[in-house]
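Here, residue 1 is the first one in the sequence, and each next residue gets the next number.
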Amino acid sequence: LMKIPALVLNFYTHLFAFLLIAAALPFQEGLALPPSAKGWGAVVGMTFIVAIGAVMLLQTGLRYISAPRASILSTLEPVTSIIVGVLIFSERLSFQSVIGLILVLGSVVILSLSKEKRPPLEERRLS
């Protein structure tokens, strides 16, 4: 996977996701399509920002840091979501959200401090 360009890997990842979603459609009540042009604009914008941009950045970043470190960083996504929701969208910060934030941050600290013994990259490629 390290040798596959991020764009190609992103294409196959989203193709597989599309096929799974298409296979599940017959079991749903129907499609939930955006009702307006503004809604479609939001869908297209989110597709480029999240599905293409963020996934490609993650896949490119994995070439420079290890997968365990990337997974630790990705656990901070709920923290970021709550902070953005409170600061930008004026959402209320509930007690459950605070407990969740503490648990997520605690897990990141524990995972970051744990010393993982891994063989050198060359040995991992040979096995």
Side-chain angles (χ1 to χ4, degrees):
L1 290 177
M2 291 180 82
K3 295 180 181 181
I4 298 175
L7 188 60
V8 173
L9 188 58
N10 198 13
F11 170 78
Y12 285 115
T13 301
H14 287 90
L15 176 64
F16 184 71
F18 167 77
L19 293 174
L20 286 176
I21 291 169
L25 279 177
F27 305 104
Q28 302 298 316
E29 293 179 14
L31 290 174
L33 299 175
S36 65
K38 186 177 179 181
W40 278 106
V43 168
V44 171
M46 288 301 292
T47 300
F48 283 105
I49 292 169
V50 176
I52 296 172
V55 173
M56 282 185 58
L57 287 173
L58 175 66
Q59 292 166 349
T60 304
L62 283 172
R63 296 172 198 261
Y64 301 103
I65 65 171
S66 64
R69 285 187 180 174
S71 66
I72 290 171
L73 289 173
S74 71
T75 60
L76 292 174
E77 179 185 355
V79 175
T80 306
S81 298
I82 290 174
I83 291 170
V84 168
V86 169
L87 295 178
I88 296 177
F89 299 113
S90 302
E91 294 178 358
R92 282 189 46 232
L93 186 61
S94 67
F95 180 71
Q96 290 89 354
S97 295
V98 171
I99 296 298
L101 281 171
I102 292 169
L103 291 172
V104 168
L105 291 173
S107 69
V108 170
V109 169
I110 290 169
L111 289 171
S112 297
L113 295 176
S114 70
K115 295 191 175 164
E116 182 181 338
K117 302 215 178 198
R118 296 174 48 127
L121 185 60
E122 296 80 29
E123 291 179 25
R124 287 185 286 178
R125 286 185 182 156
L126 295 176
S127 56

**Q** Filter on side-chain hydrogen bond (donor to acceptor under 3.5 Å, both in side chains), then keep only pairs touching residues 36-46, sequence neighbours left out; what's left?
**A** none
**Q** Can you hop from Leu9 to Leu19 via hydrophobic side chains spaced under 4.5 Å?
**A** yes
**Q** Are Phe16 and Ile21 connected into the same hydrophobic cluster when the rule is that any two of I, L, V, M, F, W, Y join if their side-chain heavy atoms are below 4.5 Å apart?
**A** no
**Q** Ignoring hydrogens and angles, write down the donor-acceptor pairs under 3.5 Å from the side chains of residues 91-106, residues two or more places apart or on other chains.
**A**
| from | atom 1 | to | atom 2 | distance (Å) |
| --- | --- | --- | --- | --- |
| Ser94 | OG | Ser97 | N | 3.2 |
| Ser94 | OG | Ser97 | OG | 3.1 |

**Q** Strictly by side-chain hydrogen bond (donor to acceptor under 3.5 Å, both in side chains), give each pair with a member in residues 13-29 just once, sequence neighbours left out.
**A** Asn10-His14
**Q** Using side chain to side chain contact (heavy atoms under 4.5 Å, CB included) as the criterion, point out the one residue from Thr80, Leu87, Val86 that pairs with Ile83.
**A** Leu87
**Q** Under a single-linkage definition using a 4.5 Å side-chain heavy-atom cutoff for Ile, Leu, Val, Met, Phe, Trp and Tyr, are Leu15 and Ile4 assigned to the same hydrophobic cluster?
**A** yes
**Q** Please name the pair of heavy atoms, one in Gly39 and one in Pro34, separated by the smallest distance, quoted to 0.1 Å.
**A** C-CB, 3.7 Å
**Q** First locate atom CG of Leu25, then atom CG of Leu20, and finally report the distance between them rounded to the nearest 0.5 Å.
**A** 11.0 Å
